[in-house]
J.: 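Got a structure here, written out as C-alpha cells. Questions coming.
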Amino acid sequence: MSSYSDGVFYQANTRVNPFIVSSVRDLAPGVSIDFGCGMGTNSRFLKSREWDTYVVEQEDIPISRLRQFLSPDRIFHEDIRRLDFGILPKADLVLCNYVLQHFSIEEAHAFINNLRKCTSGTAAAVISIFERPGTIDSAHLIKLMDDSGFRLVNEKHWERIDRDHGPVHTHVGYEGLWTECCPQL
C-alpha cells in the first residue's frame, strides 16, 4: 500500500497539467501511454483530443475511475517498476507525470531505459518530477533521456507552495518535453 492508497491525494489532484496541454497542442493525435496516471486527469484530456489513450497505474482506487472512460484493454493495472514494456503498444506520446521521484535512482534509470521499447521511433515524451533529495533530479533526468535517444525540446523549472494534500509544503519541480531523435536499434 502506498501513501496514495487512501484516496485523499487523488481527490485533491484533479487539474490537467498545463505543461502537458501546451506540449501536445501542436502534435497530431496518435497512441499515447500515461505511466502512473493516477485518476486519469491527463489521460482523459488526451482522449478528448482524439488520442488513442492507454494508461499504466498500480493503485486500486483510480482503476475504477479509469474504467469509466477507457476500455479494459487500454488499462494496465501494473507497477511500472515490474512492467513488461514489450506488452504495450507503440506510442507516439508517453507521459510520466510526477511519478519518478517516488522511485530509487536505479528504478528511474530502468524506466527510462525501457521507454523506447514502447515508442514509435518519433515519439514525444513529457516527464515531470518533484525534485527531492535522494531521488532523480532534473540534470540527471535530462542526461538519461539524452543517452536514451531523446532530444530536449522544452522545459520548465518551478517552485510553489502546496496546500492540496498534507501539511503545507514547498514543491520544487521540473517538467520536460523530449522527442525521439535517434533510430531505434
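Computed from a predicted structure; not experimentally measured. FYI, side chains are in, hydrogens and waters are out, and symmetry mates aren't considered; it's all heavy atoms of this structure.
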J.: For the residue pair Thr170 / Glu159, report whether a side-chain donor-acceptor contact shorter than 3.5 Å exists.
T.: no
J.: Any sub-3.5 Å donor-acceptor pair from Glu131's side-chain atoms to Ser138's backbone N or O?
T.: yes
J.: Which class fits the ring pair Tyr98 and Phe130: parallel under 30°, tilted 30 to 60°, perpendicular over 60°?
T.: parallel
J.: If we only count heavy atoms from C-beta on, is the Leu141 to Ile127 side-chain gap below 4.5 Å?
T.: yes
J.: Any chance the side chains of Gln101 and Thr135 put a donor and an acceptor closer than 3.5 Å?
T.: no
J.: Taking side chain as C-beta onward, heavy atoms only, is Asp34 less than 4.5 Å from Leu46?
T.: no
J.: What's the separation between atom OG1 in Thr53 and atom CG in Leu70, rounded to the nearest 0.5 Å?
T.: 6.5 Å
J.: Can you check side chain to side chain donor-acceptor pair (under 3.5 Å) on Glu155 and Tyr174, steps first, answer last?
T.: CA-CA 7 Å; Glu155 64 183 341; Tyr174 175 80; 2.8 Å; yes
J.: If you define the side chain from C-beta out and look only at heavy atoms, does anything of Ile20 sit under 4.5 Å from Leu95?
T.: yes
J.: Apply ring-ring contact (aromatic ring centres under 6.0 Å, His included) to His77 and list each qualifying residue two or more places apart in sequence or on a separate chain.
T.: none
J.: Report the residues that fulfil ring-ring contact (aromatic ring centres under 6.0 Å, His included) with Phe35, sequence neighbours left out, ordered by chain and then residue number.
T.: Phe85, Phe111
J.: Counting only N and O atoms by type, is there a donor-acceptor contact under 3.5 Å from the side chain of Asn42 to the main-chain atoms of Asn17?
T.: yes
J.: Could you go through Asp79 and Arg82, starting from their C-alpha distance and side-chain angles, then the distance that decides it, and tell me whether this counts as salt bridge (charged side-chain N to carboxylate O under 4.0 Å, His left out)?
T.: CA-CA 6 Å; Asp79 183 325; Arg82 290 184 276 290; 2.9 Å; yes
J.: Is there a path from Val55 to Phe69 through hydrophobic residues (I, L, V, M, F, W, Y) whose side chains come within less than 4.5 Å of each other?
T.: yes
J.: Indicate yes or no: at least one non-hydrogen side-chain atom of Asn97 is less than 4.5 angstrom from one of Phe19.
T.: no
J.: Do NZ/NE/NH1/NH2 and the carboxylate oxygens of Arg74 and Asp52 come within less than 4.0 Å?
T.: yes
J.: Consider only side-chain heavy atoms of I, L, V, M, F, W and Y, link residues closer than 4.5 Å, and tell whether Val21 and Leu93 are in one cluster.
T.: yes
J.: Donor-acceptor check, side chain of Asp92 to backbone of Val31, threshold 3.5 angstrom: yes or no?
T.: yes
J.: State whether the side chain of Glu175 and the backbone N or O of Ser128 hold a donor-acceptor pair below 3.5 Å, judged by distance alone.
T.: no
J.: Contact between Tyr54 and Ile75 at the side-chain level, heavy atoms closer than 4.5 Å - yes or no?
T.: no
